[in-house]
Number of protein chains: 2
Amino acid sequence: MTAYAQLEGRFRSLGALKEAAGVLHWDMATMMPKGGAEARGEQLAALEVACHEMIAAPDLAELLAGAEGEELGAWQQANLREMRRAWRHATALDADLVAALARAAQKSEMVWREARPANDFKATLVPLGELLALVRQAAAAKAEALGCGPYEALLDEWEPGGSVARIDGIFEAYAAFLPDFLERVLSHQARGGPRPVLAGPFSKAAQEALGRRLMKVIGFDFEHGRLDVSLHPFCGGVPDDVRITTRYDEADFTSALMAVLHETGHAMYERGLPADWRLQPVGQARGMSLHESQSLLIEMQACRSPEFLTFAAPLIAAAFGGEGPAWQAESLIRRYHRVERGLIRVDADEVTYPAHVILRYRLEQAMLSDELPLEDLPAAWNDEMERLLGVRPPDDRDGCLQDIHWYDGAWGYFPTYTLGAMTAAQLFGAGVRAVPEIPGALARGDFAPLMGWLRAEVHGRGSLMTGEELLTRATGRPLDPEVFKQHLRARYLAE
Amino acid sequence: MTAYAQLEGRFRSLGALKEAAGVLHWDMATMMPKGGAEARGEQLAALEVACHEMIAAPDLAELLAGAEGEELGAWQQANLREMRRAWRHATALDADLVAALARAAQKSEMVWREARPANDFKATLVPLGELLALVRQAAAAKAEALGCGPYEALLDEWEPGGSVARIDGIFEAYAAFLPDFLERVLSHQARGGPRPVLAGPFSKAAQEALGRRLMKVIGFDFEHGRLDVSLHPFCGGVPDDVRITTRYDEADFTSALMAVLHETGHAMYERGLPADWRLQPVGQARGMSLHESQSLLIEMQACRSPEFLTFAAPLIAAAFGGEGPAWQAESLIRRYHRVERGLIRVDADEVTYPAHVILRYRLEQAMLSDELPLEDLPAAWNDEMERLLGVRPPDDRDGCLQDIHWYDGAWGYFPTYTLGAMTAAQLFGAGVRAVPEIPGALARGDFAPLMGWLRAEVHGRGSLMTGEELLTRATGRPLDPEVFKQHLRARYLAE
């Protein structure tokens, strides 16, 4: 057997163990009773150790070097490149640091779960400080292994090849663009008068049936996936068994429904990954910003388009027995295009969402480099919020305690949300140029033209090329934040 | 670190990986969409390989030998003994044979799934023959490693230390006892006249609510477990997160309900295993016949007792809005004490069930030793059925195609059902002698006295001693099949 063939065998097993962990994570969030948490922690830790031992096996470096001298096809070469990338990340940290990080993250997250409802940021200081110290160690070790800065080294885990200089430029420009644009959108919106009221309650069963109906419209295959309930919506499982979730509010169906469509976008990406490369590194999704681009393309670009909402309005009305103007397409469009200066990221609209991300991006870099002491985080958060969006959180619950990410140790993740939104706009625009019938088809609830293009240009490519190469091939240029702004101007100012 | 301490560390990880596989198996039977089957197969195979590599690690034999020279407490000694037992089983077969067995079993099972509804035994001949040839190889290898006969070596996996000579004696005696006893039971029963009809339909929701209610009565803790639906009822998951299933028939609630109570018995055993020894071999259940004894003790001994059914009757009637004599305790007792000469094992009552097992026990030995060619299995089955129960299957669907076990490669499992039934009777009798308030408490829906005794005498002991030692400690003697017969005489002939 060639070195490359041996590597494929090992990474196949590794991929299968990671899939097993994926299913267990899904179960933990959807099915597991509380009392199963400790045992599940042990199961996941044992799986992680088993995975780490496979990838850090002493002879793996030799196999990688050996395979690099072998004659390989393009996909195999890309697969080998991704194997090496995974190996670099895995071997950058020693096992003790990995274990200490996992323990510190669990402790910090547990404290946060109580501190958030109690609005008690101080309670998190010690565990978050301990966690951050370990994250710094990990960032330094990865920076050395990857030959980049510490923050960039963390970012690379989520956004392979992501560049801080590039993101800085994009985010600064958006922060400069936002204040004036937001003012104009809000006054434009105010001229529309108050929105008609959608009177509930909206039963969970009806919401779920509607969600399933629209998932099928998008192309979700229930022979290869499920829809369930969890505290926060997510897309989990594995490509051949993709499991998305939402949570229902009987007083308002609109948010749960969009969450379903958003997660369906993630799911379609997973399902569309190249089946010939299942379990291999090259068969995996190409980073989190591209993943988010697929959910936002479906949610924001396709499903919040006037075309789709016009198609969906009668189905939505029928699902809840709704009648009258509030249930007309026009009213739904206004509802789903609502913009406001809010405090909470997960409730934010697409215009203000980047401000939430830019704030976190700035603060997490400052924390990592020790420029911002943890004690000063709440004030820094509130000041930055006021600067970016003109609103100031009344307390930390609606400020720096609102997201799990830092308390869970996930530095370097936040920027992918906004990179994803911008990528989505650029991909959707290019898709419509390439396949002009896409908008008309969406107006008939036909996603086949859009999905066909995404399958060919994005999903089916897995990790064959870098995210930037993929975007350039699909749209003719690397990420161009102007496209996102054009989209916002068109949608929110009708320009 | 001592050799023993190192072993505990390794077996802890191994135990956690096995738990992970347990959860994935549960998911496969309850949640997984069809299209996820192939990916799940890969995940489980990768987990199995990872487990096998851990237990067959080259230095494990040295650690076992080293630990045997160390000073250990009683639980540690037992744990070491169980580690060696697991090691012996795992290393008896080489990896190629394990993989070939898994593949052959999957193939044979798939053919069986189509052949059974089509009543096409011939279709199974080739895959079953290939599988059986591999099972024979495995039996021979294990027989050499364990120093016993081939069938006993397979039996040992399910029933540690199980003895063919002992089971032969017990089963022959029951086969001799049954014909006359069954005649007497049937004529005794005929004198009661026809049973009143319970008129349905019985909604799944009402059945499930009733099942949950009675699970709580028994002591099932929903913070540490779930009830779901699957094709065949089973108890899965892990001790701190036990997951039982049933399947509902809206025309007849009685079978689904008893399945819930049966699986709750299994679940209580898992939950009661010694928490200090979680994930260690000594913390696991002591073999399948003891496991089955716990489900049958709850189902057959406790929940089909007149005491419990008298308590449950009004709850059952209320659950379905039932009124009149059919819903009285007396009618329910008659229903749940119904005996008949049936063809199907899983529908059999406790009097005739052992005949189904004895038949399989005889035939699986004959097949393994090649005395019974597979082509002759259907006829041999039907002849044996006629001899034991006086009924002859009209076709193989209701004959030798009815159970998955052989087609799945599980030789040596069947006897544990009847050993479990006999053990249940003996344990229940001893429990009532030791704690005389048990029957009175059951009549009030109070399982605490029974469960307290079981926790102390069975559950909490894990695999500290052999099954026979455990039974002897708890009841004063090894398995005595007379106790089961006394139970049958008392219940079915009021003797």
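What you see is a predicted model, and the numbers here were worked out from it, not measured in a lab. Only heavy atoms go into these numbers, but all of them, side chains included; no hydrogens, no water, no symmetry mates.
- The CD atom of Glu208(A) lies 8.0 Å from the CG atom of Asp228(A); values are rounded to the nearest 0.5 Å.
- For the side chain to side chain contact (heavy atoms under 4.5 Å, CB included) with Leu80(A), the lone residue among Glu82(A), Gln76(A), Met83(A) that qualifies is Met83(A).
- With a 4.5 angstrom heavy-atom cutoff, Arg243(B) touches chain A only via side-chain atoms.
- Taking Leu14(B), Asp241(B), Val49(B), Val238(B) one by one and counting their heavy-atom pairs under 4.5 Å with chain A, the maximum is reached by Asp241(B).
- With a 4.5 Å cut-off on non-hydrogen atoms, Leu279(B) touches chain A through its side chain but not through its backbone.
- For chain B, no part of Leu44(A) is nearby; none of its heavy atoms comes within less than 4.5 Å.
- No part of Met54(B) comes within reach of chain A, as not one of its non-hydrogen atoms sits under 4.5 angstrom from that chain.
- Note on Glu38(B), Arg40(B), Arg278(B): by heavy-atom pairs under 4.5 Å with chain A, the leading option is Arg40(B).
- Looking only at side-chain heavy atoms (C-beta outward), His262(A) and Phe234(A) stay at 4.5 Å or farther from each other.
- Screening Asp240(A), Ile244(A), Val242(A) for a side chain to side chain contact (heavy atoms under 4.5 Å, CB included) with Glu270(A), the sole residue that qualifies is Val242(A).
- With respect to the salt-bridge test (charged N to carboxylate O, under 4.0 angstrom), the residues Glu109(B) and Arg113(B) qualify.
- Note on Ser13(A), Pro33(A), Ala16(A): by heavy-atom pairs under 4.5 Å with chain B, the leading option is Pro33(A).
- Looking only at atom types and distance, the side chain of Gln294(B) has a donor-acceptor partner in the side chain of His459(B) under 3.5 Å away.
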